[in-house]
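Worksheet: one structure, shown below.
As the structure lists them, so they are numbered: ligands from 1, and atoms in each ligand from 1. Treat the numbers as computed from the prediction; the structure is a model and nothing was measured.
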Amino acid sequence: MSKTIGERELVLAILLEVTRDKIPAHLALSRVLGKYQYLDKRERAFITKVTEGTLEHMIEIDYIIDQFSKIKIQKMKPVVLAILRSGVYQLRYLDHVPASAVCNEAVKLAKKKGLQGLSGFINGVLRTIARELEHIRLPQEPPATKLSVQYSVPKWMVEKWMAVYQEETVEKMIASMMEEHPTCIRFDPERISKDTLKARLKEDGVAKIKDHPALPYALWISGYDYLGALSTFEDGLFYVQDASSMMAVESLQVRQGDYIIDVCAAPGGKALHAAEKLAGTGKVDARDLTDYKVKLIEENIARSGLTNIRARRQDARILEEASVEQADIVIADLPCSGLGVLASKKDIRYNMTPEKQAELVALQREILSVVCRYVKPGGTLLYSTCTINREENEENTAWFLEDHGEFTMEKERQFLPGIDPCEGFYIAVLKKQESE
Ligand SMILES: C[S@@+](CC[C@H](N)C(=O)[O-])C[C@H]1O[C@@H](n2cnc3c(N)ncnc32)[C@H](O)[C@@H]1O
(Lines give C-alpha, C1' and ligand atoms only; values in the text may rest on other atoms or scores of the structure.)
Protein backbone atom coordinates (compact mmCIF):
# COMPACT_ATOMS: atom_id res chain seq x y z
CA MET A 1 0.00 0.00 0.00
CA SER A 2 1.42 3.42 -0.86
CA LYS A 3 2.08 5.74 2.06
CA THR A 4 -0.44 8.48 1.33
CA ILE A 5 -2.08 8.85 4.74
CA GLY A 6 0.02 10.31 7.53
CA GLU A 7 -0.12 9.65 11.25
CA ARG A 8 -2.01 12.86 12.09
CA GLU A 9 -4.64 12.16 9.46
CA LEU A 10 -5.19 8.73 11.00
CA VAL A 11 -5.43 10.27 14.47
CA LEU A 12 -8.10 12.58 13.07
CA ALA A 13 -10.00 9.65 11.53
CA ILE A 14 -9.99 7.74 14.83
CA LEU A 15 -11.02 10.76 16.90
CA LEU A 16 -13.94 11.40 14.55
CA GLU A 17 -15.05 7.78 14.74
CA VAL A 18 -15.02 7.89 18.52
CA THR A 19 -16.48 11.34 19.18
CA ARG A 20 -18.87 11.72 16.24
CA ASP A 21 -19.77 8.13 15.35
CA LYS A 22 -19.57 6.75 18.94
CA ILE A 23 -17.31 3.83 17.98
CA PRO A 24 -15.46 2.44 21.05
CA ALA A 25 -11.90 3.85 21.08
CA HIS A 26 -10.11 0.49 21.24
CA LEU A 27 -12.04 -0.76 18.19
CA ALA A 28 -11.41 2.38 16.12
CA LEU A 29 -7.73 2.30 17.02
CA SER A 30 -7.16 -1.39 16.34
CA ARG A 31 -9.06 -1.15 13.02
CA VAL A 32 -6.81 1.66 11.80
CA LEU A 33 -3.60 0.04 13.03
CA GLY A 34 -4.71 -3.22 11.42
CA LYS A 35 -5.61 -1.57 8.10
CA TYR A 36 -2.44 0.50 7.63
CA GLN A 37 0.17 -2.20 7.93
CA TYR A 38 2.90 0.01 6.45
CA LEU A 39 3.06 2.15 9.60
CA ASP A 40 6.29 1.65 11.50
CA LYS A 41 6.58 1.12 15.26
CA ARG A 42 7.19 4.80 16.01
CA GLU A 43 4.18 5.91 13.94
CA ARG A 44 1.94 3.34 15.61
CA ALA A 45 3.11 4.50 19.02
CA PHE A 46 2.46 8.15 18.08
CA ILE A 47 -1.06 7.41 16.78
CA THR A 48 -1.90 5.39 19.91
CA LYS A 49 -0.48 7.99 22.29
CA VAL A 50 -2.17 10.99 20.66
CA THR A 51 -5.60 9.40 20.21
CA GLU A 52 -5.69 7.87 23.68
CA GLY A 53 -4.23 10.99 25.28
CA THR A 54 -6.61 13.35 23.48
CA LEU A 55 -9.60 11.27 24.58
CA GLU A 56 -8.29 10.96 28.11
CA HIS A 57 -7.88 14.74 28.51
CA MET A 58 -10.71 15.86 26.23
CA ILE A 59 -12.79 17.88 28.71
CA GLU A 60 -9.70 19.75 29.90
CA ILE A 61 -8.65 20.33 26.27
CA ASP A 62 -12.11 21.64 25.34
CA TYR A 63 -12.01 24.01 28.30
CA ILE A 64 -8.66 25.37 27.09
CA ILE A 65 -9.85 25.75 23.48
CA ASP A 66 -12.91 27.66 24.68
CA GLN A 67 -10.65 30.08 26.59
CA PHE A 68 -8.76 31.05 23.45
CA SER A 69 -11.17 30.63 20.54
CA LYS A 70 -13.79 33.16 19.53
CA ILE A 71 -15.84 30.29 18.10
CA LYS A 72 -16.97 28.03 20.98
CA ILE A 73 -16.49 24.30 20.64
CA GLN A 74 -20.24 23.57 20.33
CA LYS A 75 -20.31 25.66 17.15
CA MET A 76 -17.28 24.05 15.50
CA LYS A 77 -17.31 21.52 12.66
CA PRO A 78 -16.35 18.09 14.06
CA VAL A 79 -13.24 17.96 11.82
CA VAL A 80 -12.00 21.37 12.98
CA LEU A 81 -12.63 20.47 16.61
CA ALA A 82 -10.83 17.13 16.28
CA ILE A 83 -7.78 18.82 14.66
CA LEU A 84 -7.69 21.40 17.46
CA ARG A 85 -8.14 18.80 20.18
CA SER A 86 -5.26 16.63 19.05
CA GLY A 87 -3.14 19.77 18.53
CA VAL A 88 -3.77 21.02 22.07
CA TYR A 89 -3.02 17.56 23.45
CA GLN A 90 0.36 17.55 21.70
CA LEU A 91 1.15 21.09 22.88
CA ARG A 92 0.25 20.37 26.49
CA TYR A 93 1.38 16.77 26.93
CA LEU A 94 4.05 15.91 24.35
CA ASP A 95 7.27 17.74 25.17
CA HIS A 96 9.20 16.25 22.27
CA VAL A 97 6.93 17.71 19.56
CA PRO A 98 7.84 21.37 18.87
CA ALA A 99 4.89 23.80 18.97
CA SER A 100 5.69 25.05 15.47
CA ALA A 101 5.42 21.48 14.12
CA VAL A 102 2.07 20.97 15.88
CA CYS A 103 0.65 24.16 14.33
CA ASN A 104 2.10 23.58 10.85
CA GLU A 105 0.89 19.98 10.71
CA ALA A 106 -2.59 21.01 11.87
CA VAL A 107 -2.78 23.63 9.11
CA LYS A 108 -1.60 21.12 6.48
CA LEU A 109 -4.17 18.62 7.66
CA ALA A 110 -6.98 21.17 7.59
CA LYS A 111 -6.08 22.07 3.98
CA LYS A 112 -5.92 18.41 3.00
CA LYS A 113 -9.44 18.01 4.39
CA GLY A 114 -10.70 20.88 2.21
CA LEU A 115 -10.81 23.40 5.05
CA GLN A 116 -8.54 26.04 3.46
CA GLY A 117 -10.87 28.79 4.69
CA LEU A 118 -10.48 27.65 8.30
CA SER A 119 -6.78 26.90 8.33
CA GLY A 120 -5.96 30.46 9.48
CA PHE A 121 -8.39 30.09 12.37
CA ILE A 122 -6.88 26.75 13.41
CA ASN A 123 -3.38 28.18 13.15
CA GLY A 124 -4.36 31.24 15.23
CA VAL A 125 -6.00 29.25 18.03
CA LEU A 126 -3.14 26.76 18.31
CA ARG A 127 -0.43 29.42 18.19
CA THR A 128 -2.18 31.46 20.91
CA ILE A 129 -2.53 28.39 23.11
CA ALA A 130 1.13 27.48 22.50
CA ARG A 131 2.14 31.00 23.60
CA GLU A 132 -0.08 31.01 26.68
CA LEU A 133 0.61 27.42 27.72
CA GLU A 134 2.43 28.36 30.92
CA HIS A 135 -0.38 30.68 32.06
CA ILE A 136 -3.39 28.44 31.52
CA ARG A 137 -5.49 28.20 34.69
CA LEU A 138 -8.12 25.54 35.11
CA PRO A 139 -11.29 26.39 37.10
CA GLN A 140 -11.02 25.95 40.87
CA GLU A 141 -14.70 26.42 41.72
CA PRO A 142 -17.30 24.99 42.08
CA PRO A 143 -15.78 21.62 43.15
CA ALA A 144 -17.68 19.54 40.57
CA THR A 145 -16.46 21.78 37.71
CA LYS A 146 -12.92 21.73 39.08
CA LEU A 147 -12.77 17.93 39.21
CA SER A 148 -14.60 17.54 35.90
CA VAL A 149 -12.11 19.74 34.00
CA GLN A 150 -9.00 18.66 35.88
CA TYR A 151 -9.62 14.95 35.30
CA SER A 152 -11.77 15.17 32.15
CA VAL A 153 -14.72 13.35 33.62
CA PRO A 154 -18.21 14.63 32.66
CA LYS A 155 -19.70 16.96 35.24
CA TRP A 156 -22.89 14.92 35.57
CA MET A 157 -20.85 11.92 36.73
CA VAL A 158 -18.86 13.98 39.22
CA GLU A 159 -22.08 15.52 40.58
CA LYS A 160 -23.66 12.10 40.92
CA TRP A 161 -20.73 10.91 43.05
CA MET A 162 -20.49 14.14 45.04
CA ALA A 163 -24.12 13.75 46.06
CA VAL A 164 -23.13 10.52 47.83
CA TYR A 165 -19.44 10.73 48.77
CA GLN A 166 -17.18 13.41 50.28
CA GLU A 167 -15.29 15.59 47.79
CA GLU A 168 -12.00 14.10 48.98
CA THR A 169 -13.24 10.55 48.31
CA VAL A 170 -14.53 11.51 44.87
CA GLU A 171 -11.18 13.09 43.98
CA LYS A 172 -9.32 9.96 45.13
CA MET A 173 -11.66 7.81 43.04
CA ILE A 174 -11.30 9.90 39.91
CA ALA A 175 -7.54 10.33 40.28
CA SER A 176 -7.19 6.56 40.58
CA MET A 177 -9.34 6.06 37.48
CA MET A 178 -6.98 8.26 35.49
CA GLU A 179 -3.81 6.44 36.57
CA GLU A 180 -2.14 3.58 34.75
CA HIS A 181 -2.76 0.37 36.68
CA PRO A 182 -0.98 -2.97 36.56
CA THR A 183 -2.94 -5.87 35.09
CA CYS A 184 -4.73 -7.96 37.69
CA ILE A 185 -4.69 -11.70 37.05
CA ARG A 186 -6.32 -14.70 38.70
CA PHE A 187 -4.76 -18.16 38.74
CA ASP A 188 -6.07 -21.51 39.91
CA PRO A 189 -3.94 -22.72 42.85
CA GLU A 190 -5.14 -26.28 42.07
CA ARG A 191 -3.44 -26.00 38.69
CA ILE A 192 -0.27 -24.04 39.49
CA SER A 193 1.27 -22.76 42.71
CA LYS A 194 1.85 -19.05 43.16
CA ASP A 195 5.63 -19.49 43.31
CA THR A 196 5.76 -21.55 40.13
CA LEU A 197 3.54 -19.08 38.30
CA LYS A 198 5.67 -16.16 39.46
CA ALA A 199 8.82 -17.93 38.23
CA ARG A 200 7.20 -18.65 34.86
CA LEU A 201 6.02 -15.03 34.53
CA LYS A 202 9.59 -13.86 35.19
CA GLU A 203 10.87 -16.24 32.50
CA ASP A 204 8.23 -14.71 30.21
CA GLY A 205 9.89 -11.33 30.77
CA VAL A 206 7.22 -9.78 33.02
CA ALA A 207 9.14 -7.04 34.86
CA LYS A 208 6.90 -6.48 37.89
CA ILE A 209 4.85 -9.05 39.77
CA LYS A 210 3.08 -8.18 43.00
CA ASP A 211 0.78 -10.14 45.33
CA HIS A 212 -2.74 -8.75 45.60
CA PRO A 213 -3.29 -7.69 49.25
CA ALA A 214 -6.75 -9.26 49.60
CA LEU A 215 -6.74 -12.41 47.46
CA PRO A 216 -4.17 -15.25 47.64
CA TYR A 217 -4.82 -16.29 44.02
CA ALA A 218 -4.50 -12.81 42.48
CA LEU A 219 -1.39 -11.03 41.21
CA TRP A 220 -0.70 -7.63 39.71
CA ILE A 221 1.64 -7.75 36.71
CA SER A 222 3.20 -4.98 34.62
CA GLY A 223 6.20 -4.29 32.41
CA TYR A 224 5.50 -6.71 29.56
CA ASP A 225 4.99 -6.05 25.86
CA TYR A 226 1.95 -7.94 24.81
CA LEU A 227 -0.16 -10.30 26.91
CA GLY A 228 -0.83 -12.73 24.05
CA ALA A 229 2.92 -13.30 23.69
CA LEU A 230 3.35 -14.65 27.25
CA SER A 231 3.68 -18.44 27.33
CA THR A 232 1.88 -18.47 30.70
CA PHE A 233 -1.11 -16.78 29.06
CA GLU A 234 -1.04 -19.08 26.06
CA ASP A 235 -1.00 -22.09 28.39
CA GLY A 236 -4.12 -20.77 30.13
CA LEU A 237 -2.34 -20.48 33.48
CA PHE A 238 -4.09 -17.24 34.38
CA TYR A 239 -7.11 -15.18 33.54
CA VAL A 240 -7.09 -11.38 33.36
CA GLN A 241 -9.73 -10.15 35.79
CA ASP A 242 -10.11 -7.28 38.20
CA ALA A 243 -9.97 -8.20 41.89
CA SER A 244 -13.48 -6.80 42.41
CA SER A 245 -14.91 -9.53 40.16
CA MET A 246 -12.97 -12.14 42.11
CA MET A 247 -14.34 -10.75 45.36
CA ALA A 248 -17.84 -11.06 43.94
CA VAL A 249 -17.40 -14.81 43.48
CA GLU A 250 -15.54 -15.05 46.79
CA SER A 251 -18.59 -13.60 48.54
CA LEU A 252 -20.73 -16.54 47.34
CA GLN A 253 -19.41 -19.40 49.45
CA VAL A 254 -19.61 -21.89 46.58
CA ARG A 255 -20.10 -25.45 47.90
CA GLN A 256 -18.95 -28.66 46.23
CA GLY A 257 -21.63 -30.04 43.92
CA ASP A 258 -23.47 -26.72 43.46
CA TYR A 259 -25.36 -26.00 40.26
CA ILE A 260 -24.60 -22.42 39.24
CA ILE A 261 -26.27 -20.40 36.49
CA ASP A 262 -24.47 -17.27 35.26
CA VAL A 263 -27.09 -15.44 33.22
CA CYS A 264 -24.82 -12.80 31.62
CA ALA A 265 -21.52 -14.63 31.58
CA ALA A 266 -19.35 -13.45 28.66
CA PRO A 267 -16.40 -13.44 28.46
CA GLY A 268 -16.68 -15.83 31.38
CA GLY A 269 -14.60 -14.40 34.23
CA LYS A 270 -16.96 -15.04 37.12
CA ALA A 271 -18.37 -18.26 35.70
CA LEU A 272 -14.88 -19.74 35.31
CA HIS A 273 -13.87 -18.62 38.77
CA ALA A 274 -17.00 -20.26 40.22
CA ALA A 275 -16.24 -23.45 38.27
CA GLU A 276 -12.73 -23.47 39.75
CA LYS A 277 -14.20 -23.15 43.22
CA LEU A 278 -16.33 -26.24 42.57
CA ALA A 279 -13.03 -28.17 42.28
CA GLY A 280 -14.19 -30.59 39.62
CA THR A 281 -17.67 -31.13 41.13
CA GLY A 282 -21.05 -29.54 40.30
CA LYS A 283 -21.79 -27.58 37.15
CA VAL A 284 -21.73 -24.02 35.86
CA ASP A 285 -24.16 -23.03 33.15
CA ALA A 286 -22.68 -19.91 31.53
CA ARG A 287 -25.15 -18.04 29.35
CA ASP A 288 -25.09 -14.94 27.19
CA LEU A 289 -27.15 -13.21 24.55
CA THR A 290 -25.39 -13.92 21.26
CA ASP A 291 -23.44 -16.70 19.54
CA TYR A 292 -20.44 -14.39 19.39
CA LYS A 293 -20.48 -13.94 23.17
CA VAL A 294 -20.98 -17.67 23.74
CA LYS A 295 -17.93 -18.31 21.58
CA LEU A 296 -15.87 -15.97 23.75
CA ILE A 297 -16.87 -17.95 26.83
CA GLU A 298 -16.11 -21.24 25.06
CA GLU A 299 -12.64 -20.04 24.11
CA ASN A 300 -11.94 -19.17 27.73
CA ILE A 301 -13.32 -22.50 28.94
CA ALA A 302 -10.98 -24.27 26.52
CA ARG A 303 -8.00 -22.26 27.82
CA SER A 304 -8.91 -23.06 31.43
CA GLY A 305 -9.11 -26.82 30.94
CA LEU A 306 -12.18 -26.94 33.26
CA THR A 307 -14.76 -29.62 32.52
CA ASN A 308 -17.59 -28.62 34.86
CA ILE A 309 -18.71 -25.57 32.88
CA ARG A 310 -20.52 -25.15 29.59
CA ALA A 311 -21.66 -22.11 27.63
CA ARG A 312 -24.87 -21.51 25.74
CA ARG A 313 -27.04 -18.82 24.27
CA GLN A 314 -30.01 -17.65 26.32
CA ASP A 315 -31.63 -14.23 26.52
CA ALA A 316 -31.76 -13.46 30.25
CA ARG A 317 -34.97 -11.47 29.78
CA ILE A 318 -36.82 -14.60 28.70
CA LEU A 319 -37.80 -17.10 31.37
CA GLU A 320 -36.54 -20.62 30.79
CA GLU A 321 -39.10 -22.83 32.54
CA ALA A 322 -36.68 -25.75 32.89
CA SER A 323 -34.36 -23.64 35.07
CA VAL A 324 -36.99 -22.49 37.59
CA GLU A 325 -35.81 -23.22 41.18
CA GLN A 326 -32.91 -25.34 39.89
CA ALA A 327 -29.85 -23.30 40.80
CA ASP A 328 -28.00 -23.19 44.09
CA ILE A 329 -26.48 -19.93 42.90
CA VAL A 330 -27.53 -17.49 40.19
CA ILE A 331 -24.92 -14.97 39.12
CA ALA A 332 -26.48 -11.82 37.62
CA ASP A 333 -23.51 -9.66 36.65
CA LEU A 334 -25.58 -7.41 34.47
CA PRO A 335 -24.92 -4.90 31.69
CA CYS A 336 -24.34 -1.54 33.34
CA SER A 337 -23.05 1.99 32.76
CA GLY A 338 -19.50 0.93 33.66
CA LEU A 339 -18.67 4.05 35.68
CA GLY A 340 -16.43 1.96 37.94
CA VAL A 341 -14.10 0.97 35.11
CA LEU A 342 -13.31 4.31 33.49
CA ALA A 343 -9.63 3.50 34.08
CA SER A 344 -9.65 0.60 31.62
CA LYS A 345 -12.42 1.80 29.27
CA LYS A 346 -11.57 5.39 28.59
CA ASP A 347 -14.40 6.30 26.24
CA ILE A 348 -17.26 5.23 28.53
CA ARG A 349 -17.25 8.71 30.03
CA TYR A 350 -18.05 10.30 26.67
CA ASN A 351 -20.52 7.70 25.43
CA MET A 352 -22.55 7.12 28.60
CA THR A 353 -25.40 9.54 29.31
CA PRO A 354 -27.99 9.86 32.10
CA GLU A 355 -30.61 8.72 29.55
CA LYS A 356 -28.70 5.55 28.65
CA GLN A 357 -28.20 4.91 32.33
CA ALA A 358 -31.94 5.08 32.94
CA GLU A 359 -32.47 2.50 30.17
CA LEU A 360 -29.92 0.23 31.84
CA VAL A 361 -31.77 0.45 35.15
CA ALA A 362 -34.93 -0.75 33.37
CA LEU A 363 -33.01 -3.62 31.72
CA GLN A 364 -31.39 -4.65 35.01
CA ARG A 365 -34.79 -4.75 36.71
CA GLU A 366 -36.29 -6.74 33.85
CA ILE A 367 -33.50 -9.34 33.99
CA LEU A 368 -33.48 -9.58 37.79
CA SER A 369 -37.25 -10.20 37.86
CA VAL A 370 -36.81 -13.17 35.51
CA VAL A 371 -33.60 -14.79 36.70
CA CYS A 372 -34.42 -14.66 40.43
CA ARG A 373 -36.88 -17.45 39.67
CA TYR A 374 -33.99 -19.84 38.88
CA VAL A 375 -32.78 -19.72 42.50
CA LYS A 376 -33.64 -22.80 44.61
CA PRO A 377 -35.21 -22.28 48.03
CA GLY A 378 -32.25 -21.61 50.31
CA GLY A 379 -30.14 -20.62 47.30
CA THR A 380 -28.30 -17.40 46.50
CA LEU A 381 -28.66 -14.63 43.94
CA LEU A 382 -25.63 -12.46 43.25
CA TYR A 383 -26.43 -9.11 41.68
CA SER A 384 -23.35 -7.20 40.57
CA THR A 385 -22.33 -4.33 38.32
CA CYS A 386 -19.07 -2.58 37.48
CA THR A 387 -20.55 0.82 38.14
CA ILE A 388 -20.71 3.44 40.88
CA ASN A 389 -24.23 4.70 40.68
CA ARG A 390 -26.94 4.28 43.30
CA GLU A 391 -29.78 3.96 40.78
CA GLU A 392 -28.22 0.88 39.19
CA ASN A 393 -26.89 -0.50 42.47
CA GLU A 394 -28.40 0.14 45.92
CA GLU A 395 -31.69 1.49 44.56
CA ASN A 396 -32.15 -1.46 42.21
CA THR A 397 -31.49 -3.94 45.00
CA ALA A 398 -33.91 -2.11 47.33
CA TRP A 399 -36.54 -2.14 44.56
CA PHE A 400 -35.98 -5.86 44.03
CA LEU A 401 -36.25 -6.71 47.74
CA GLU A 402 -39.46 -4.75 48.09
CA ASP A 403 -41.05 -6.89 45.40
CA HIS A 404 -39.45 -10.17 46.45
CA GLY A 405 -40.05 -10.84 50.13
CA GLU A 406 -38.64 -14.36 49.67
CA PHE A 407 -35.12 -12.82 49.39
CA THR A 408 -33.08 -11.10 52.09
CA MET A 409 -29.88 -9.14 51.78
CA GLU A 410 -26.92 -11.09 53.07
CA LYS A 411 -24.10 -8.82 51.92
CA GLU A 412 -23.89 -5.52 50.09
CA ARG A 413 -20.74 -3.69 49.10
CA GLN A 414 -19.74 -0.87 46.82
CA PHE A 415 -16.04 -1.00 45.97
CA LEU A 416 -14.46 2.33 45.09
CA PRO A 417 -11.28 2.74 43.02
CA GLY A 418 -8.55 4.60 44.90
CA ILE A 419 -10.16 3.55 48.19
CA ASP A 420 -10.34 -0.25 47.70
CA PRO A 421 -7.63 -2.31 45.94
CA CYS A 422 -9.73 -2.79 42.80
CA GLU A 423 -11.92 -1.05 40.24
CA GLY A 424 -15.37 0.36 41.05
CA PHE A 425 -17.79 -2.51 41.54
CA TYR A 426 -21.06 -3.30 43.33
CA ILE A 427 -22.08 -6.60 44.91
CA ALA A 428 -25.36 -7.63 46.52
CA VAL A 429 -25.65 -11.20 47.80
CA LEU A 430 -29.35 -12.04 48.19
CA LYS A 431 -30.46 -15.17 49.98
CA LYS A 432 -33.72 -16.93 49.10
CA GLN A 433 -35.63 -18.34 52.06
CA GLU A 434 -35.80 -22.12 52.55
CA SER A 435 -39.10 -23.74 51.60
CA GLU A 436 -41.43 -24.43 54.53
C1 LIG B 1 -20.92 -7.19 32.62
S2 LIG B 1 -20.89 -8.24 31.28
C3 LIG B 1 -20.65 -9.80 32.03
C4 LIG B 1 -19.25 -10.06 32.46
C5 LIG B 1 -19.06 -11.49 32.95
N6 LIG B 1 -19.98 -11.82 34.01
C7 LIG B 1 -17.65 -11.77 33.42
O8 LIG B 1 -17.38 -11.81 34.62
O9 LIG B 1 -16.79 -11.99 32.56
C10 LIG B 1 -22.57 -8.30 30.82
C11 LIG B 1 -22.89 -9.32 29.76
O12 LIG B 1 -24.32 -9.33 29.63
C13 LIG B 1 -24.60 -9.73 28.32
N14 LIG B 1 -26.03 -9.43 28.05
C15 LIG B 1 -26.60 -8.26 27.74
N16 LIG B 1 -27.92 -8.40 27.58
C17 LIG B 1 -28.20 -9.71 27.80
C18 LIG B 1 -29.38 -10.50 27.78
N19 LIG B 1 -30.56 -9.95 27.50
N20 LIG B 1 -29.29 -11.82 28.03
C21 LIG B 1 -28.09 -12.40 28.30
N22 LIG B 1 -26.93 -11.69 28.34
C23 LIG B 1 -26.98 -10.38 28.10
C24 LIG B 1 -23.60 -8.97 27.49
O25 LIG B 1 -23.45 -9.60 26.24
C26 LIG B 1 -22.36 -9.04 28.37
O27 LIG B 1 -21.54 -10.10 27.96
Check your understanding: Below 4.0 angstrom, N of the basic side chain to O of the carboxylate: do E276 and R186 qualify?
Key -> yes
Revision key, fill the gap. The side chain to side chain contact (heavy atoms under 4.5 Å, CB included) partner of V284 among L278, I331, N308 is L278
Check your understanding: Backbone N or O of G34 within a donor-acceptor pair of the Q37 side chain at under 3.5 Å?
Key -> yes
Practice item. Do me a favour and list the nearest non-hydrogen protein atom to atom 10 (C) of ligand 1 with residue, atom name and distance? Key: D333 O, 3.7 Å
Review point. Within less than 4.0 angstrom of ligand 1, does Q314 place any heavy atom?
Key: yes
Exercise for review: Select one of side chain, backbone, both or neither to describe which atoms of K270 lie under 4.0 Å from any atom of ligand 1, heavy atoms only.
Suggested key: both
Study note, to complete from the structure: Candidates A316, A271, P335; heavy atom nearest atom 21 (C) of ligand 1 found on A316
**Study point:** Aromatic contact, F400 with Y383 (centres under 6.0 Å)
**Key:** no
Practice item. Please say whether the positively charged group of R137, taken as NZ for Lys or CZ for Arg, lies over the ring of Y63, i.e. under 6.0 angstrom from the six-membered ring centre and within 45 degrees of the axis. Key: no
Exercise for review: Considering the heavy atoms of P267, write down every atom of ligand 1 situated less than 4.0 Å from one of them.
Suggested key: 9 (O)
Review point. Do R313's NZ or CZ and the ring of Y292 fall within the cation-pi criteria of under 6.0 Å and 45°?
Key: no
**Study point:** Options A248, C264, S384, C386, ranked by nearest heavy atom to atom 23 (C) of ligand 1, top entry
**Key:** C264
Exercise for review: Please indicate whether any nitrogen or oxygen in Y239 is less than 3.5 Å from any nitrogen or oxygen in ligand 1.
Suggested key: no
Point to revise | Min N/O separation D315 to ligand 1 under 3.5 Å | key: yes
Practice item. Run down the list L334, L289, D288 and name the one with the heavy atom closest to atom 25 (O) of ligand 1. Key: D288
Review point. Between T51 (side chain) and I47 (backbone), is there a donor-acceptor pair under 3.5 Å?
Key: yes
Review point. Do the side chain of T387 and the main chain of L339 share a donor and acceptor less than 3.5 angstrom apart?
Key: yes
Practice item. Could you tell me whether some N/O pair between A266 and ligand 1 is separated by less than 3.5 angstrom? Key: yes
Check your understanding: Looking only at protein heavy atoms, which one is nearest to atom 9 (O) of ligand 1, and how far off is it?
Key -> G269 N, 2.9 Å
Point to revise | Donor-acceptor contact below 3.5 Å, side chain T19 vs main chain L15 | key: yes
Review point. What part of V263, side chain from CB on, backbone N/CA/C/O, both or neither, has a heavy atom under 4.0 Å from ligand 1?
Key: backbone
Exercise for review: Report the part of R287 in contact with ligand 1, treating N, CA, C, O as backbone and CB onward as side chain, heavy atoms under 4.0 Å; options are side chain, backbone, both, neither.
Suggested key: neither
